[in-house]
Trainee: 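The structure under discussion is supplied below as structure tokens; questions concerning it will follow.
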Number of protein chains: 2
Amino acid sequence: MLDIVRQDTEENPSGADRVFTFFRDRLLSGELKAGDRLLGERELALALGVSRPVLREALRSLAMLGLLDIRHGRGAYVRSADASVLGQALTLCLAPEPNILDDVLQARIAIECQAIRLACLRASERDLQAIAALLDTLVDSLDDPETGGGADYAFHLAIVRASGSSALMKIYEAISPLLMRSHVERRRDTFREPAITSGLVEAHRQVFLALAQRDPDEAERRLRAHFAIGDELRRKNLISTYQGQGKAS
Amino acid sequence: MLDIVRQDTEENPSGADRVFTFFRDRLLSGELKAGDRLLGERELALALGVSRPVLREALRSLAMLGLLDIRHGRGAYVRSADASVLGQALTLCLAPEPNILDDVLQARIAIECQAIRLACLRASERDLQAIAALLDTLVDSLDDPETGGGADYAFHLAIVRASGSSALMKIYEAISPLLMRSHVERRRDTFREPAITSGLVEAHRQVFLALAQRDPDEAERRLRAHFAIGDELRRKNLISTYQGQGKAS
DNA sequence: GTCAGTCCGTGGTCTGACCACTTTAGGCAG
DNA sequence: CTGCCTAAAGTGGTCAGACCACGGACTGAC
């Protein structure tokens, strides 16, 4: 086999690792479903043949990964798959990289462009109605940068959801935290001028229209055009910032 | 006791959670770099004002997330960002979803199509040479399904790398484990017939040519065509499988 | 019937000890 | 002096038992 991913280079699954793997596999195989309640720590430790601290190390690790929900005085429950942990992991993974806030936009474009293509093929009437409704929300919240940003995100998210691809959806949710950070970083700069916001609404409308007409190529083209405008704005904003303050290196 | 960590903005981050957050933030801020060695467990526990079991719960969690490398008798070292954990998290996250092996292909297409667009703009001569070399490898390993599959993956990975986007790269690595699973699942079926393999090589060559000519639209079109062929093969194979009604090994 | 207090099961934490692995420094033989 | 080998020190790994804190359920009084 290929050594693309080598997590278990070593064959020494001792203690907590054994317990961790034990539960992870049960989770993967579906033997443990979301909402299930685990036995008490003392009983589990006895059943698995480890001491309670070791058992707790494994349980805590699973909780940190978002697989368990451990509540004081009540017990440990299997949690449904949650993209927030994915997002955290991605953030951690990308943290040392430079310009990550700009770079993550590329991932966003990648996901959305494929999503809208799929959505053209798969979106239900209900999906389209939901997206249309969000378009209205977008129009209504033009004057409020805060809700406007939320509506913008909701619109794009709805498109990804309409793709019917859970993989795309999960990844999109995973990059959302980073997207948010890059968003708030420049929200003030781009969301104020009427010329921009009106153009923004028009771009969204164009995207939606192509989607409603089930035209993948056109939908992707318009979506890319929308992103390109944002990119252009960002660039201009960057230039004016450096011109205004003159802190070139 | 010196309370190094005092952030009660949230609810009640007690014990191991506090320690976990403490180290996670140091990792995020870059205060702890890859390769750094942590103090001993006893000293850390003392310094952070918790007992050793609690400290160990946090450390173990960080290790499970791939942020630490704890080695018996030697100590705990900060590990460089690793996409394998991301892959595991994604696998866990997507586990309950149906048809995930097919669905993850959509994510692959998404990443690669955007990557090749960026690569057309950003790829260095060295990148192109590397990809060309992998194309040769692909041709040379036509008769061996095993190395052929590896060469195929390496070719596509090189394109993503040439995009210069670490976000795309990390996500691509993250979905790789699932990609592998879906790959081996049908490798036997699609990698044997000469007509298919020759067409496969030609498709790769076309993709590379468009990339070398720095034509984003054409490169993406050819890449999509390549994926569409794979999709078609998969469909036909599915049909023949059901017609044959056999699960021969 | 409702409310309050109590009890019990649960996770949360602590202590201190011992085991296993690794490295290293010192001593012994050549 | 050099080389190997052994023993000690430092580190993570595990264990046991005890106690605390929280939440829910039971039970009693009103």
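Just so it is clear, the values below take in all heavy atoms, side chains as well, and ignore hydrogens, waters and symmetry mates. Every chain is numbered from 1 and lettered A, B, ... according to where its sequence line falls, protein lines coming before strand lines.
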Trainee: Once you round it to whole Å, what is the distance between P of C/dT13 and CD of B/Glu57?
Mentor: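 After rounding, the gap between these two atoms is 7 Å.
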
Trainee: Quick one: does B/Asp103's side chain have a donor or acceptor within less than 3.5 Å of a partner on B/Ile100's backbone?
Mentor: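 Checked: no pair found.
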
Trainee: Without decimals, in angstroms, what is the distance between B/Arg71 CZ and C/dA20 C1'?
Mentor: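 Roughly 17 Å, once rounded to whole Å.
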
Trainee: Report yes if the side chains of B/Ile171 and A/Leu90 come closer than 4.5 Å at any heavy-atom pair, otherwise no.
Mentor: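 SC-SC contact between B/Ile171 and A/Leu90 confirmed.
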
Trainee: Could you check how far CZ of A/Arg18 sits from P of D/dG13, rounded to whole Å?
Mentor: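 My rounded result for the distance is 14 Å.
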
Trainee: In whole angstrom, give the distance that lies between atom CG of A/Leu55 and atom P of C/dT10.
Mentor: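 Rounded to whole Å, this separation is 13 Å.
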
Trainee: Could you tell me whether A/Leu39 contacts a base, only the sugar-phosphate backbone, or nothing, with contacts defined as non-hydrogen atoms closer than 4.0 Å?
Mentor: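 Counting heavy atoms under 4.0 Å across all strands, the contact made by A/Leu39 is with sugar-phosphate only.
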
Trainee: Round to a whole Å and report the spacing from CG of B/Leu68 to C1' of D/dG12.
Mentor: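 Going from CG in B/Leu68 over to C1' in D/dG12 covers 13 Å.
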
Trainee: Return the value, rounded to whole Å, for the distance between atom CD of B/Glu41 and atom C1' of D/dG13.
Mentor: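 Computing the B/Glu41:CD to D/dG13:C1' distance gives 8 Å.
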
Trainee: Counting any heavy atom closer than 4.0 Å, what does A/Leu38 reach on the DNA or RNA strands: base, sugar-phosphate only, or nothing?
Mentor: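 No contact.
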
Trainee: Show your reasoning for whether side-chain contact (heavy atoms from CB on, under 4.5 Å) applies to B/Gln114 and B/Val160.
Mentor: CA-CA 9 Å; B/Gln114 179 67 10; B/Val160 178; over 6 Å; no

Trainee: Can you figure out which of C/dT13, D/dT14, D/dG13 approaches the side chain of A/Arg56 most closely?
Mentor: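 For the A/Arg56 side chain, the nearest candidate turns out to be C/dT13.
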
Trainee: To the nearest Å, how far apart are A/Leu46 CG and C/dG9 C1'?
Mentor: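 Computing the A/Leu46:CG to C/dG9:C1' distance gives 17 Å.
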
Trainee: Among D/dT14, C/dT15, C/dG12, which is the nearest nucleotide to the side chain of A/His72?
Mentor: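 The answer is C/dG12.
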
Trainee: From the options C/dT10, C/dC14, D/dT11, select the nucleotide whose nearest atom is closest to the side chain of A/Glu43.
Mentor: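 The answer is C/dT10.
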
Trainee: Between the protein and nucleotides 17-19 of chain D, which nitrogen or oxygen pairs are less than 3.5 angstrom apart?
Mentor:
unit_1 : atom_1 : unit_2  : atom_2 : d
D/dA18 : N6     : A/Arg52 : NH1    : 3.4

Trainee: Map B/Arg74 and A/Arg74 onto DNA chain D by nearest heavy atom, then report which one ends up closer to the 5' terminus.
Mentor: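 Final value for this comparison: B/Arg74.
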
Trainee: Is A/Ser176 reaching over with its side chain to a backbone N or O of A/Tyr172, donor-acceptor style, under 3.5 angstrom?
Mentor: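 A pair under 3.5 Å: yes.
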
Trainee: Within the side chain of A/Asp36, is there an N or O that forms a donor-acceptor pair under 3.5 Å with the backbone of A/Lys33?
Mentor: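 Checking the backbone N and O of A/Lys33 against the side chain of A/Asp36, a donor-acceptor pair under 3.5 Å is found.
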
Trainee: In whole angstrom, what separates B/Asp69's CG from D/dG13's P?
Mentor: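 Rounding to the nearest Å, CG of B/Asp69 and P of D/dG13 are 10 Å apart.
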
Trainee: Check this for me: does any side-chain nitrogen of one of B/Asp127 and B/Arg122 sit under 4.0 Å from a carboxylate oxygen of the other?
Mentor: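 Here B/Asp127 does not pair with B/Arg122 in a salt bridge, since their nearest N and O are not under 4.0 Å apart.
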
Trainee: Heavy-atom count check: over 12 atoms from other residues, nucleotides or ligands less than 6.0 Å from A/Arg37 CZ?
Mentor: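 Yes, because the 6.0 Å sphere around CZ of A/Arg37 holds more than 12 heavy atoms from other groups.
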
